[in-house]
Amino acid sequence: MMLRLVTCAILGLSLVGCAKTGGDPTARLARIVTGVTGGRGDVAGAQTVVQMAPVGDPAQALARLYAELPSRGATATLAIEAVNGTVTTWRTADNVTLSFDDGVLVSTRGLGFDLMGAGAEKTLMALAGGDPGPYRRQYRYLDGENHTAYLTAGCTVHHRGSEEVEGRTLLRQDEVCETFHIGITNVFWFDFAGRMARSRQWIGPEIGYVETRPAS
Amino acid sequence: MSVCRSGLGVLVAISALIAAPAAIAEGSKFAWGYNSYGVPGMLDMPQAFSRPDAELGTHLFHFKGQTRVSSTFQVFPRLSGTFRYSFISELRGSTLTGLQTRLYDRSFSVHYRFFDERKYLPALAVGLNDIVGTGVYAGEYVAATKTLSSRLRATAGIGWGRLGSYGSFTNPLGVLNDHFKTRPRRSGDFGGTFHPEMWFRGPAALFGGVEWQATDKLRLIAEYSSDAYAREEGLAFDRRSPFNFGLAYKVNPAITVTGSYMYGSAVGLQLSYTLNPRFPANGSGRDPAPPAITPRADTPWPDEAVSDDRLGRALSAALADQGLTLDGLEQSGTRLRIAIRNERYYTAAQALGRTARVLSRIAPSNIDIFAITLAAEGMPVTTATLVRDDLEKLAFHPVAPDLLRAATRIEDERSLPQRFPGRYPIFSWGLGPYLTPSLFDPDNPVRADAGVALTGQVSPLPGLVFEGVLHQKVIGNLDKANQVSTSTLPHVRSDAWLYSKADGITMPQLTAAWYFRPGRNVFGRVTAGYLESMFAGVSGEMLWKPQNSRLALGVEVNRVRQRGYDQLFDFRSYEVTTGHITAYYAFSGGIHAKLSAGRYLAGDKGATLEINREFDNGWRIGIFATKTNVSAAQFGEGSFDKGIRLTVPLDWISGRPSRTGLDAVIRPITRDGGARLEVPGRLYERVRQRQATALDASWGRFWK
């Protein structure tokens, strides 16, 4: 299917204002840039930062996201389909979409046990150096009878310091959430420019996690 | 008697030895397995727990001289019902005289858990086997089951009828009334009727057993049976002991294989397969992702008005990508109204959501309000009005369904927006396989015809539909039934096998139908032509069904003539006027009832009651029964028309969007009394699926 690529306006920088300027060095770096950078994907290079890309920017239109579902042994490369406010929706060639609110997964479609919606506001604030929690995060699903079902988790964000990932030094932050039955750890890696370089985020009980990074 | 006592004593002693301190395991209201009759139980004996709500279990059990195929539905958390089709190679008559060979028997059972397990008290259930069949398996029981540890359970019970036939004693209910002490003999009847005068009467006997969940997959079972198998003993098999022993191995959560050593002489094997309509394998479905909601600034016409024609073409193409058809379009200031036909999604809420997404991408930026009319066969039913800004704002809100529903107006709709050029006439056709099964007839458990079906539809105007179906049989054995009808009623259904003898092309349907809206909350249909395989004529129907109403009322009148056996253009001489007044009512908990009263195909008068449990994903399981002024003797075997109805949406199985539902009606026997005309396009389902009640029930799917 022809993918319809829509230009991306990155609005995540607005969150910079939420960042604390206290003693935690990682907090100062937690400038969250939507999903991925454009171009060839060397997110460590400061020159590749995409910020406030103008509408119609061809570089942004060519942006690609690499995603992996370990539970299904599936990988895919996604292209931007639409941007709605701070949320960017990415689509695979076989019509699976992942939507990220400034890099935080808020929705999937086409996977079966889809994440129909999720709150991101407090996660984003915590990742940006705001209140690390505990705070409540709500996940929304459809059950087998087409009824909306909510899963509410209590979450805290932990700064794990720097970490070597595939030959690159990145700063890691974990969002650790607890529900009645399930423990969730969403992991976000940032480069030293404060851009989200990769992530491992929970979709739901049946599918587990999706791992994302810019496609090279 | 002594055997009975000692047998139970041994089992209880074993329980006591193995048991850890008494504990009620989590989920202990659930039975661990099904018995050989498909009832929640051990091996041949029942126990007191129930299976999980809505579970549908299918079981194949065989031991020497007997094969039982049963299907059990957990109707409510406490109540389950079982339909069973059995083959018995040899057995004696009900008076233990005479001999029947190769008996194919159909029977029903019910099991009701009336007391939940407490810390020191067992769960209690009552059950009846073979309540409307021939009585071969007729028996009643009260069972008590106690969880002794998380892996051990014990059951003791008392049985009557067949379950009171070994180690029996005087019925203790005799203290209430002497008439309980004797079980009346079943008089020669036509089967298929209730015999409450026999229930819990006659000698009683005790049964019991223990179940040990040795590992997560393996369960060991030992039981003491109170069934003497008096009618089979010495014929189908030799009953040498009251003890049965078995191993049940759970292959996966759906499949369990049970091997058993039954009655000291025979090996039994049971295969159980369970599924639950509430838990589809693909979750909410692997539908291709919908188009993303786009801010109005990104539409193709951000700053200009656009003609209906241009907008219609763009919308048609985008909706077609989603399996939806644009039926009409109307711009009025900042409001855009369109009508759609949904040929892809089982739930109308999903069609509505996809349409709204398409509109967000294509509607000119000056449009603030989307009004989407859902139509059935070109007949308007409902209009949902949404605010464009709400869609954009709520698309990724954590509680988007509730907020959007609160902001959406859903109301009755009697008119369509204007058509745009080129929309009509609509042509469609299809070529595919067909299968016509006949299950569980008295001589053969499975018969079927299969072949190729060609369907065609032309709609020259909204609401006017010409439709035809041609069949070419390729293979089948429905014509081998050779059940020459002896019915004294007009042969409206009992000659079905003669209609199956046609080898050439047949035409099950060729109709013209007009769907219309005569008034607020009122829907109409007139259909003429070859309505079904056996009858042709004219059918008229009116339905009153307000939005959000639990009650609907309908009236249908048909004048039909019987078709020739070749199912082409010939007629037979029989003509009849048939019709019904019908009340539909949706109770809470997904229970839907339908009561029809009127005149049936054979000219008999009476009423049909149908009760279904419906799930918001489209599954439906129910029962129906018809009683008319035809006597049991005149009706013949089965005494009156009854059966089970099952609808399984194809998308539940495949995980892919589809409006197709697999319908099955299982009748123990099809006769001429209480027979109804099959008319394509009846209104109730078409209307209510597009109304607020159905939209609300699956509103979360708007965002799917």
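We name chains A, B, ... by the order of the sequence lines, and we start the count at 1 in each one.
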Original post:
Of all of A:Asp143, A:Leu111, A:Val96, A:Val106, which one pairs up most often with chain B through heavy atoms under 4.5 Å apart?
Top reply: A:Leu111
**OP:** Identify which of A:Gly112, A:Ser99, A:Gly144 forms the greatest number of heavy-atom pairs closer than 4.5 Å to chain B.
**Re:** A:Gly112
Give, as side chain, backbone, both or neither, the part of [X] having an atom under 4.5 angstrom from any heavy atom of chain A.
X: B:Ala395; answer: side chain
X: B:Lys393; answer: neither
X: B:Ala349; answer: neither

Let's test your reading of the structure: which of [options] forms the most heavy-atom pairs below 4.5 Å with chain A?
options: B:Pro291, B:Pro277, B:Gly590; result: B:Pro291
options: B:Ala400, B:Pro401, B:Ala281; result: B:Pro401
options: B:Gly285, B:Ala697, B:Gly655; result: B:Gly285

Say you draw a straight line from [atom1] of [X] to [atom2] of [Y]; how long is it, rounded to the nearest 0.5 Å?
X: B:Arg361; Y: A:Glu81; atom1: CZ; atom2: CD; answer: 5.0 Å
X: A:Thr89; Y: B:Phe396; atom1: OG1; atom2: CZ; answer: 3.5 Å
X: A:Arg140; Y: B:His397; atom1: CZ; atom2: NE2; answer: 9.5 Å
X: B:Lys704; Y: A:Asp114; atom1: NZ; atom2: CG; answer: 3.5 Å
X: B:Ser698; Y: A:Asn146; atom1: OG; atom2: CG; answer: 5.5 Å
X: A:Thr148; Y: B:Arg405; atom1: OG1; atom2: CZ; answer: 12.5 Å

Original post:
Taking non-hydrogen atoms and a cut-off under 4.5 angstrom, which of residues 611-622 of chain B neighbour chain A?
Top reply: B:Phe615, B:Asp616, B:Asn617
Subject >> A:Arg109 side-chain N/O to B:Asp287 backbone N/O, donor-acceptor pair under 3.5 Å >> reply: no
**OP:** For B:Asp216, look at atom CG and say whether over 12 heavy atoms of other residues, nucleotides or ligands are found less than 6.0 Å away.
**Re:** no
**OP:** Answer yes or no: does atom CZ of A:Arg136 have more than 12 heavy-atom neighbours from other residues, nucleotides or ligands under 6.0 Å?
**Re:** no
Original post:
Checking A:Tyr150 against chain B: side chain, backbone, both or neither under 4.5 Å from a heavy atom?
Top reply: side chain
**OP:** Side chain from CB out, backbone as N, CA, C, O: work out which of these in A:Ser107 comes under 4.5 Å of a heavy atom of chain B, or both, or neither.
**Re:** side chain
Original post:
Can you name the nearest heavy-atom pair linking B:Pro398 to A:Gln138, along with the distance?
Top reply: CB-OE1, 4.2 Å
